[in-house]
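Notes follow the structure.
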Amino acid sequence: MSTDSNDGNASGTDAADATDDSGGGHCSTADSDGEVAEEIAVVSFERKLDTAAEIVDGIGDRYESIDVIEYHGDVFAEHWGEYDCFVGLMASGIAMRKTAPLLDDKWDDPAIVVVDEALTWAIPITGGHHGANQVADDLASLGAVPAMTTASEAADKQGVEKRAKALSAHVVNGDSTVATNLAVLDDELGPVERLDGPRAVLVDDDVTVLKRNRDDGIVLGTGSVSGADEERFIEAWDRALAAVDRDWDDVEFVATATRKADEEGLLAAAAARDLGVVAFDRETLLEFEGPTPSKAKELIGWPGVAEASAIAGGADHDLVAEKTSHENEVTVAVGR
């Protein structure tokens, strides 16, 4: 993600299928954002329960809960609304016939993935960007090939639902995502603009509004030498989190400077931790300059990236921890 206006604009890293029918969907609360799957049910025929147990053992620790339910004709209807995602250990035709009459709104319906007994394919049927693609990706760790057909994955682009997830935010007005994700596919959306309140904003139906899920999260302001690798960034972030007695669940996103936004190691490390990256321009960082002197300001006119981006990115613009250097390659400061 990158920001390139003085307000700190953030361009994100994931997308929803612009061709999905959004119906009257909305996403007004953080606990019903429809973008991730946390409670999973593996629906299996009795003869496949061993494979269901293998799925639980393999990916169960990635979710808040994962249950195994034995299949019967009304199993989906009976448990509809109880889970974020159903993993159907069955033929796709069975899952489609049994769930089609239950579908109503992509923002509220559970995601559905089908997988074969040999764990060869993991096929998102509905709710690709609302948990199904996530679960299919996780099933890949067991050898299944994620057969994703959503437009953004096919085009290797990232739309607004997953941008929201990466920014620890949620979509307020789901109807808008049809237009904004078409813009993603056409490379016309541009950055996601961040606005600090109190403020009133007037928008049209084709503007997607993202609201932060929390006001007590932290931001990892990060600078680096060119070419620092993924491992160095993760080590530096781990040390910074330990120093402030926080963990990864507390992190909203990683913040840096636009001149560092294309660092491969930074992007790979953020992706490994499922975090978005917000990159602020020079003017914004100068506005939020940190207390530690930086040679970069004298040499190239940029303030210290780690502290300034941590302050700029935090909802309260507070610096929780001044920058520390790791292996003389990565610097990290913590903002709130």
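Quantities reported herein were computed from a predicted structural model and do not represent experimental measurements. One-based numbering along the sequence shown.
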Partners meeting ring pair (Phe, Tyr, Trp, His ring centres under 6.0 Å) with H79 (sequence neighbours left out): none
task: Decide yes or no for L210 and H170: does some side-chain heavy atom of the first lie under 4.5 Å from some side-chain heavy atom of the second?
output: no
Of all pairs that satisfy ring-ring contact (aromatic ring centres under 6.0 Å, His included), the ones with a partner from residues 250-271, not counting sequence neighbours: none
Please report, to 0.1 Å, the donor-acceptor pairs under 3.5 Å made by any side chain of residues 50-58, with sequence neighbours excluded.
none

task: State, yes or no, whether a side-chain contact exists between I69 and V42 at a heavy-atom distance under 4.5 Å.
output: no
Within 6.0 angstrom of D245 CG, more than 12 heavy atoms from elsewhere: no
Pairs touching residues 46-66 that satisfy ring-ring contact (aromatic ring centres under 6.0 Å, His included), sequence neighbours left out: none
query: Taking only residues two or more places apart in sequence, or in another chain, which ones meet E263 in a salt bridge (charged side-chain N to carboxylate O under 4.0 Å, His left out)?
result: none
query: Can you name the residues that form a side chain to side chain contact (heavy atoms under 4.5 Å, CB included) with T324, not counting sequence neighbours?
result: none
task: Give a yes-or-no answer on whether the side chains of D238 and W248 include a donor-acceptor pair shorter than 3.5 Å.
output: yes
query: Who pairs with R239 by side chain to side chain contact (heavy atoms under 4.5 Å, CB included), at least two apart in sequence or on another chain?
result: H326
task: Would you confirm whether T256, through its side chain, and T222, through its main-chain N or O, come within 3.5 Å as a donor-acceptor pair?
output: yes
- line: The reported gap from CD in E38 to OG in S65 (rounded to nearest 0.5 angstrom) is 9.0 Å
- prompt: Rounded to the nearest 0.5 Å, how far apart are CE of M148 and CG of N133?
  reply: 4.5 Å
query: Please, which pairs that meet salt bridge (Lys or Arg N to Asp or Glu O under 4.0 Å) have at least one residue in residues 88-100, sequence neighbours excluded?
result: none
- prompt: Which salt bridge (Lys or Arg N to Asp or Glu O under 4.0 Å) pairs, counting each pair once, include a residue from residues 66-86, with sequence neighbours left out?
  reply: none
field: Contact list for residues 326-336, test salt bridge (Lys or Arg N to Asp or Glu O under 4.0 Å), sequence neighbours left out
entry: R232-E329, D318-R336
task: Could you list all the salt bridge (Lys or Arg N to Asp or Glu O under 4.0 Å) pairs where at least one residue sits in residues 120-142, not counting sequence neighbours?
output: R62-D138
Could you give the side-chain donor-acceptor pairs of residues 110-118 under 3.5 Å, partners two or more places apart or in another chain?
{"unit_1": "D116", "atom_1": "OD1", "unit_2": "T120", "atom_2": "N", "d": "3.0"}
{"unit_1": "D116", "atom_1": "OD1", "unit_2": "W121", "atom_2": "N", "d": "2.7"}
{"unit_1": "D116", "atom_1": "OD2", "unit_2": "A118", "atom_2": "N", "d": "3.3"}
{"unit_1": "D116", "atom_1": "OD2", "unit_2": "T120", "atom_2": "N", "d": "3.2"}
{"unit_1": "D116", "atom_1": "OD2", "unit_2": "T120", "atom_2": "OG1", "d": "3.2"}

message: If you count every heavy atom of other residues, nucleotides or ligands that lies below 6.0 Å from D205 atom CG, does the total exceed 12?
response: no
